[in-house]
**Student:** 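Pasting a structure here, questions to come.
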Amino acid sequence: MTTPEKGSDTPPSTGSTPNARRRAIWRLGLLLVLVAASAIAVLMFPIPPLEEIRGFFGSSGWWGPAVFILGYAALTLAPVPKSVLSVAAGLVFGLAAGLAVVFSAAMLGAVAAFWLGRLLGRDAVERFTGARVGKIDELLHRRGLAAMIGVRLVPVLPFTVINYAAGLTSLRWRPYFLGTAIGILPGTLSYVTLGASGLQPGWQLYLGLGILALLTLAGLMAAGQRRGKAKAADV
């Protein structure tokens with residue numbers, strides 16, 4: 001395991017005593033319980049249909065966007081799809097305001113999940129995997145911003161899983177934040193545009209679908225290239 005650079009966001013090792021190991025296990029267990037509980041809560045109280053969301057927030061007044069942002073951010077802590085909420089934001093608030101609302105909510109949720117993963121799970125990962133994650137940590141220290149932008153650009157990759165996983169690695173805070181902010185913009189724009197179109201034929205609907213198709217295709221091509229390079233390296 002590479003030694004974190006001075007000033008990085010990776011917590012220092014707390015020693016290898018039995019008590020330290022137990023604390024690491026308890027923190028990781030708490031993280032898993034929080035994620036599982038949030039997922040169960042969403043399954044028990046599923047996201048309402050688009051028309052219900054539109055009816056509620058369409059007449060909510062000035063506090064509507066704030067409630068939407070907090071609710072969306074909370075849902076990003078659970079491993080469930082949030083695209084329907086992004087579409088709903090465009091449907092309720094329009095293109096510009098919907099984009100601002102979803103972007104703010106997604107960033108708030110991404111920050112919260114990252115620090116939950118970092119504070120509760122990173123120590124356990126570092127303690128019990130050792131050198132097996134050393135190469136990943138070294139790569140993320142050198143190319144964290146590019147790596148984060150790359151995974152964020154692909155809309156089919158699970159947003160919540162990436163948030164927690166980034167916190168479990170030694171990826172520094174600034175590349176994570178900037179990479180997330182840059183990488184989620186195209187996908188967020190596409191979903192909000194779909195909602196702003198009212199899901200009716202027109203330039204907004206076609207633009208949203210086109211962006212999603214291009215991002216997905218680009219992600220598949222990039223993944224294919226990485227697999228090809230990996231196979232060539234193994235030969």
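Numbering starts at 1 and runs along the sequence shown.
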**Student:** For a quick test of reading the model, state the closest non-hydrogen atom pair linking Ala181 to Phe103 and the distance between them.
**Tutor:** O-CE1, 3.4 Å
**Student:** Which value, rounded to the nearest 0.5 Å, describes the distance between Leu91 atom CG and Phe93 atom CZ?
**Tutor:**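 Between atom CG of Leu91 and atom CZ of Phe93 there are 10.5 Å.
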**Student:** If you group Ile, Leu, Val, Met, Phe, Trp and Tyr by side-chain heavy-atom gaps below 4.5 Å, do Val161 and Leu120 land in one group?
**Tutor:**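 No, no single cluster joins them.
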**Student:** Report the residues that fulfil side-chain contact (heavy atoms from CB on, under 4.5 Å) with Ile149, sequence neighbours left out, ordered by chain and then residue number.
**Tutor:**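 For Ile149 the side-chain contact (heavy atoms from CB on, under 4.5 Å) partners, ignoring immediate neighbours, are Leu145, Leu153, Ile182.
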**Student:** Is there side-chain contact between Leu85 and Tyr191, with heavy atoms separated by less than 4.5 Å?
**Tutor:** no
**Student:** Can you find a heavy atom in the side chain of Trp173 that is under 4.5 Å from one in the side chain of Phe114?
**Tutor:** yes
**Student:** Does a side-chain heavy-atom distance below 4.5 Å link Leu189 with Leu95?
**Tutor:** yes
**Student:** Indicate the atoms forming the closest heavy-atom contact of Gly183 with Pro186, along with that distance.
**Tutor:**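 Minimum heavy-atom separation between Gly183 and Pro186: O-CD, 3.5 Å.
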**Student:** Using distance only, find each side-chain donor-acceptor pair of residues 70-80 under 3.5 Å and give its atom names and separation, not counting sequence neighbours.
**Tutor:**
| from | atom 1 | to | atom 2 | distance (Å) |
| --- | --- | --- | --- | --- |
| Tyr72 | OH | Ser86 | OG | 2.9 |
| Thr76 | OG1 | Ala73 | O | 2.4 |

**Student:** Are Ile184 and Met107 packed together at the side-chain level, in the sense that at least one heavy-atom pair is separated by less than 4.5 angstrom?
**Tutor:**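 Yes - at least one pair of side-chain heavy atoms lies under 4.5 Å apart.
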**Student:** Of all residues at least two apart in sequence or in a different chain, which pass the side-chain contact (heavy atoms from CB on, under 4.5 Å) check with Ala110?
**Tutor:**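 Listed in chain order: Arg152, Phe159, Asn163, Tyr176, Thr180.
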**Student:** Give, for atom CZ of Arg118 and atom CG of Leu171, the distance between the pair rounded to the nearest 0.5 Å.
**Tutor:** 6.5 Å
**Student:** Testing the basics here: between Met148 and Ala166, what is the closest heavy-atom pair and its distance to 0.1 Å?
**Tutor:** CE-CB, 4.0 Å
**Student:** How close do Leu168 and Gly117 get, heavy atom to heavy atom, and via which atoms?
**Tutor:**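 For Leu168 and Gly117, the tightest heavy-atom pair comes out as CD2-O, 3.5 Å.
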**Student:** So which atom in Val101 and which in Pro65 form the shortest heavy-atom distance, rounded to 0.1 Å?
**Tutor:**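 What the structure gives for the nearest pair is CG2-CB, 4.0 Å.
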